Amino acid sequence: MPDANDKATIISMAVIASAAATLLHEGLGHGVTAWLRGDVVTELTSNHLSSLNPDHWVQAGGTIVNLLAGFGSLAVMRLAGRRCNLRYFFWLLAALNLLPAAGYFMLSGIFGFGDWYEVIKDLPHQLPLRIAMTLIGAAAYVGVVRLLAVTIRPFAPDKNTYNTVGRIPYYAAGIFSCIAGAFDLLGIKLLLISTMPAAFGGSSGLLWADNLMPKLAGEPALIVRKQPAWWIVAIVLGSAYAWFLGHGIEFSH
């Protein structure tokens with residue numbers, strides 16, 4: 001049976017969800033937390049937020065907001081019922097929030113940099129802390145992938161269909177993030193060491209989530225239908241995001 005999911009609509013949703021997840025992480029998570037903590041924000045880009053005196057709460061804020069947004073998106077997805085396109089979009093938004101958030105613990109624990117390394121770096125017993133953070137992050141990441149595999153099942157009655165609903169948005173979101181990151185004034189080095197690993201590594205669970213999908217228990221299959229409104233929003237929002245957030249927005253201080 002040919003795949004009835006509309007790929008252009010899925011790609012458009014991936015662009016929107018990717019931009020939203022990054023804005024939630026950098027703008028709301030780091031930026032608003034910095035403002036609430038009395039810190040001074042100096043710059044916001046698609047790669048990072050800079051402030052004068054970030055503390056542990058500011059560093060942790062991005063991941064915390066992504067986790068809240070991700071689980072909230074799954075709740076909204078359930079409320080969407082048979083409104084397939086809306087239901088699928090919130091699944092995708094959940095994936096692009098939860099996977100990088102869970103992955104951040106592993107990244108910081110293994111490599112010794114990133115938001116959660118900054119959170120723990122002044123604490124004693126660094127080696128046990130980093131080992132614990134890595135193990136917790138790995139368990140959380142697998143748990144999130146399993147949760148996403150269960151909730152996407154109605155859209156993926158077979159593994160071939162999962163290529164469309166799971167892997168295409170992974171590549172679309174990653175490429176979009178790299179396009180925006182390429183405009184960053186810090187140059188190609190930041191793109192290679194930060195943007196690309198975050199874009200393709202953080203959400204890489206989408207590449208193997210189909211291995212954890214349960215059997216389809218009699219639930220009717222759902223499809224993402226062609227809906228040009230998503231295309232228009234993706235073009236307008238994606239272009240503005242890539243240009244303004246790619247170059248970065250500086251704040252007077």
Side-chain angles (χ1 to χ4, degrees), residues 3-29 31 44-49 62 65-66 69-70 72-74 76-77 80 83-101 103 144 148 151-152 155-156 161-184 190-191 194-207 209 222-249:
D3 187 352
N5 290 286
D6 186 70
K7 296 179 177 63
T9 301
I10 287 173
I11 291 169
S12 298
M13 290 179 178
V15 168
I16 297 167
S18 175
T22 301
L23 284 171
L24 285 167
H25 182 93
E26 303 293 354
L28 182 57
L44 172 65
T45 78
S46 62
N47 286 309
H48 64 276
L49 180 131
V65 166
N66 283 142
S73 295
L74 288 179
V76 174
M77 177 190 174
R83 289 172 288 182
C84 298
N85 281 22
L86 193 62
R87 181 170 170 173
Y88 174 76
F89 172 74
F90 278 102
W91 175 85
L92 194 54
L93 185 61
L96 296 181
N97 275 284
L98 292 175
L99 289 171
V144 165
L148 293 170
T151 49
I152 195 58
F155 288 93
T161 308
Y162 182 80
N163 289 333
T164 301
V165 298
R167 293 189 175 91
I168 284 178
Y170 164 78
Y171 290 115
I175 291 169
F176 170 69
S177 294
C178 291
I179 290 172
F183 289 104
D184 197 297
L190 185 67
L191 179 68
S194 177
T195 307
M196 291 181 69
F200 290 106
S203 299
S204 59
L206 289 176
L207 293 177
L222 304 178
I223 63 170
V224 179
R225 301 185 184 279
K226 181 179 179 180
Q227 199 168 9
W230 289 101
W231 311 353
I232 296 169
V233 173
I235 291 170
V236 173
L237 176 64
S239 299
Y241 174 93
W243 181 257
F244 290 107
L245 269 295
H247 283 96
I249 299 173

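Just so we're clear, the structure is a prediction, and the values are computed from it rather than from any experiment. Counting begins at 1 with the first residue of the sequence.
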Can you check whether [X] reaches [Y] side chain to side chain, under 4.5 Å on heavy atoms?
X    : Y    : value
T9   : F89  : no
V224 : M13  : yes
L98  : N66  : no
I11  : P169 : no
H247 : T45  : no
K7   : T164 : yes
L191 : D184 : no
L23  : L28  : no

Polar side chain donor-acceptor pair, T22 to S46, under 3.5 angstrom: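 Not at all, the side chains of T22 and S46 share no donor-acceptor pair under 3.5 Å.
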The test is side-chain contact (heavy atoms from CB on, under 4.5 Å); show your working for D3 and I223 and say whether it passes. CA-CA 9 Å; D3 187 352; I223 63 170; 5.9 Å; no
Kindly indicate, with the supporting measurements, whether the criterion side-chain contact (heavy atoms from CB on, under 4.5 Å) is fulfilled by N5 and R225. CA-CA 6 Å; N5 290 286; R225 301 185 184 279; over 6 Å; no
Begin from the C-alpha positions of V165 and I152 and carry the test side-chain contact (heavy atoms from CB on, under 4.5 Å) through to its verdict. CA-CA 8 Å; V165 298; I152 195 58; 4.1 Å; yes
Assert yes or no for the condition that the ring centre distance of F155 to W91 is strictly below 6.0 Å.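 Not close enough - the centres of the two rings lie 6.0 Å or further apart.
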Apply salt bridge (charged side-chain N to carboxylate O under 4.0 Å, His left out) to R83 and list each qualifying residue two or more places apart in sequence or on a separate chain.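 Residues passing salt bridge (charged side-chain N to carboxylate O under 4.0 Å, His left out) with R83: none at all.
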Hey, can you tell me if W243 and F183 have their rings parallel, tilted or perpendicular (30° and 60° cut-offs)?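 Rings of W243 and F183: perpendicular, as their planes differ by over 60°.
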Measuring from atom CG of L86 to atom CD of Q227, what distance do you get when rounded to the nearest 0.5 angstrom?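 Spacing of CG (L86) from CD (Q227) equals 9.0 Å.
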Using the side-chain contact (heavy atoms from CB on, under 4.5 Å) rule, take Y88 and N85 through it: C-alpha gap first, then chi angles, then the decisive distance, then the call. CA-CA 5 Å; Y88 174 76; N85 281 22; 5.9 Å; no
